[in-house]
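Below: one structure, written as structure tokens.
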2 protein chains.
Amino acid sequence: MATIQDVAKAAGVSAMTVSNVINGHPNVRPATRERVLEAVDRLGYRVNVAARNLRRGRTGTICLAVPEINRPYYGRLAASIIAAAARHGLRVSIEQTGARRENELAALSLSRNRLYDGLILSTVGMGPADVGALDVDHPVVILGERIFGGPVDHVAMPNEAASEAATRHLVERGCRRIAIVCGRLGGEVDVSSLRHAGYLRALAAAGLPADPELVVTAGSFTMQEAARRVRERMAEGLAFDGVFCVTDTVAMGVLRALADAGVRVPEQVRVIGFDNVDESAYLVPSLSTVDPDHDLMAERAVTLLAARIERSGPGPEREEFTGPFRLVVRESTGG
Amino acid sequence: MATIQDVAKAAGVSAMTVSNVINGHPNVRPATRERVLEAVDRLGYRVNVAARNLRRGRTGTICLAVPEINRPYYGRLAASIIAAAARHGLRVSIEQTGARRENELAALSLSRNRLYDGLILSTVGMGPADVGALDVDHPVVILGERIFGGPVDHVAMPNEAASEAATRHLVERGCRRIAIVCGRLGGEVDVSSLRHAGYLRALAAAGLPADPELVVTAGSFTMQEAARRVRERMAEGLAFDGVFCVTDTVAMGVLRALADAGVRVPEQVRVIGFDNVDESAYLVPSLSTVDPDHDLMAERAVTLLAARIERSGPGPEREEFTGPFRLVVRESTGG
DNA sequence: TTGTAGGCGTTATCAC
DNA sequence: GTGATAACGCCTACAA
């Protein structure tokens, strides 16, 4: 495997000149450049990235840590982030945390190995109590709802506002007993509690009572768990004419449970989700939802991270970014 | 940021001893080990992976190149591969090729930068004509249907057999005019042609005519494209009582198109897919499909790659592995 | 059991 | 415009 020295020798120049040519530095005479490129070609030379990384103190790779790549929302996010990173000349390595706190903390220290130039961490297991763990000496961007006001940049979803809009939409379609399917509400700040808050706000604004009975809690945001819990609650007699699901994936489970119970959507129950995953438009009935503009959030996260990597110092104020959203009305709410 | 030298100094030993402790080498006196570990802890030392990579000539990272991570099948695959790689002590970096031949070829040469120890390449754009490009000097495993008999290990799906079983299932359920929704059949070896062959075999075995009219070709394996083409063909008068879809994603598009046309599944048309993606069980109607055991294929691919990396030589015979499958009967075929 | 020397391949610096 | 030198931080030999 040819090294830069081999090329230099073959082209009758110094290694430095080869390096300059390869990295597109100015101040190389065209004729010299030609000769070098010819030699590069002839020897099939490729730079050794490990050596370059060592020398530059950069790896050109960032890490994306998400619960599991095989979930519509995180897949969507990853695709956007990989694409955005490529635009910044960065590669992306993916770490799966399984939504476990310890794995999220491990991801934080992995980057300390200088394995990655920076980390985009989707916090699901970590909570406000772990803010201290974020105080690391390498660039980190948090993408999640569990931690606010930490010592790092934060890209968040428009949780409350979008949830309020989704719930309001159900109200406007005539729903009066609106359920919510979410995770356990433990008082901590997380996706469920934020979206639940938006739901409550919409109910209050519409003058509807907030019946705690209508809160269906699932252990995880999976189709399986959502379907199971809704079936259970319906068997216990829970009745509702609208349901706001914390994610589209959860909504898919709910749609399935309703179908099993012979409930027609949207005639008897209207359903709305959150995320606007690709599948949502193709479900039968197609799923109304709110679209948080994943591409924009991904772009923002990568841009923030890239900027910190570039500066490689403490840098300016930490940024807190909350994306926009739009309501997507489809069949499941009678759209 | 502390280096191994700093630790050595702090512990009053040589860098070599620190290295030995870190890498768990024997022949280090317990007392010395203690002192070193204490210093490591105190200074917050982490090895510099770039330096280690340079020295070792390994990066500990493999590349997974897939069309797009945000597609149920590739998401599923990626999740399995990342998990399998972790068991082998390997990290996974993901490259999105967009199913474009040139990007797949680029992935092949990326590894040559010694950026990655090996590559798992999902070939979709490349064809048999590109077999030559596979003749590289670093470990590669092909995961796909476009290339057989190349100079590298190959993990393939049970395309024909599983497609035949899926189609046979439709026959057994009483279907007589069975359509197939696949990609363009250009004579080349690819997912569509292999699964189409299985479909034909099942028809032949059942003594059913193979009406070319019943072949619906889509430009890509997306819900959108599948739905669009099926709508078009139905508008042109195409009639069928069963349909085999080359992937579950395609099947979702088809289910949507049928719903739009007011066709009831499975009463009027039975539908079966391929992949057994997570969503399939929760669709309404739930989707019958064939399950190719993604975990096993992922494990096999990673094991083959890891073995080649370990040997780091030409190694033994190239391996051709075709996974098993099982039929999953659900509502869409009246299950 | 521990230490010394050297080099993996690249590039920043500075001299020419 | 080009080249010599010196690291970047680690680990494989070998020596002690």
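Note on naming: letters A, B, ... go to the chains in the order of the sequence lines (proteins, then strands), and numbering restarts at 1 for each one.
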For the side chain of [X], starting at C-beta, report the closest nucleotide among [options].
| X | options | result |
| --- | --- | --- |
| A:Thr3 | C:dT10, C:dT4, D:dG9 | C:dT10 |
| B:Gln5 | D:dA4, C:dG3, D:dC10 | D:dC10 |
| A:Asn23 | C:dT2, C:dT4, C:dT11 | C:dT11 |
| A:Arg52 | D:dT2, D:dC11, C:dT11 | C:dT11 |
| A:Thr32 | C:dG3, C:dT10, D:dT2 | D:dT2 |

To the nearest Å, give me how far apart [atom1] ([X]) and [atom2] ([N]) are.
| X | N | atom1 | atom2 | answer |
| --- | --- | --- | --- | --- |
| B:Arg58 | C:dC8 | CZ | C1' | 15 Å |
| A:Asn20 | D:dG3 | CG | P | 10 Å |
| B:Ile22 | D:dC10 | CD1 | P | 7 Å |
| A:His25 | C:dT11 | NE2 | P | 8 Å |

If the threshold is 4.0 Å, N to carboxylate O, is there a salt bridge linking [X] and [Y]?
| X | Y | result |
| --- | --- | --- |
| B:Glu104 | B:Arg101 | no |
| A:Arg87 | A:Glu299 | yes |
| A:Arg42 | A:Glu38 | yes |

**OP:** Nearest-nucleotide wise, let me know which of B:Ala51 and B:Arg35 is further upstream toward the 5' end of DNA chain C.
**Re:** B:Arg35
Original post:
Starting at the 5' end of DNA chain C, which residue's closest nucleotide do you reach first, B:Val13 or A:Ile4?
Top reply: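 Closest to the 5' end, via its nearest nucleotide, is B:Val13.
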Subject >> N/O donor-acceptor pair, side chain A:Arg55 with base C:dT10, under 3.5 angstrom >> reply: no
**OP:** Report yes if at least one side-chain N or O of A:Asn48 is closer than 4.0 Å to OP1 or OP2 of C:dG9; otherwise report no.
**Re:** no
Original post:
For the ring pair A:His294 and A:Tyr73, is the centre-to-centre distance below 6.0 Å?
Top reply: yes
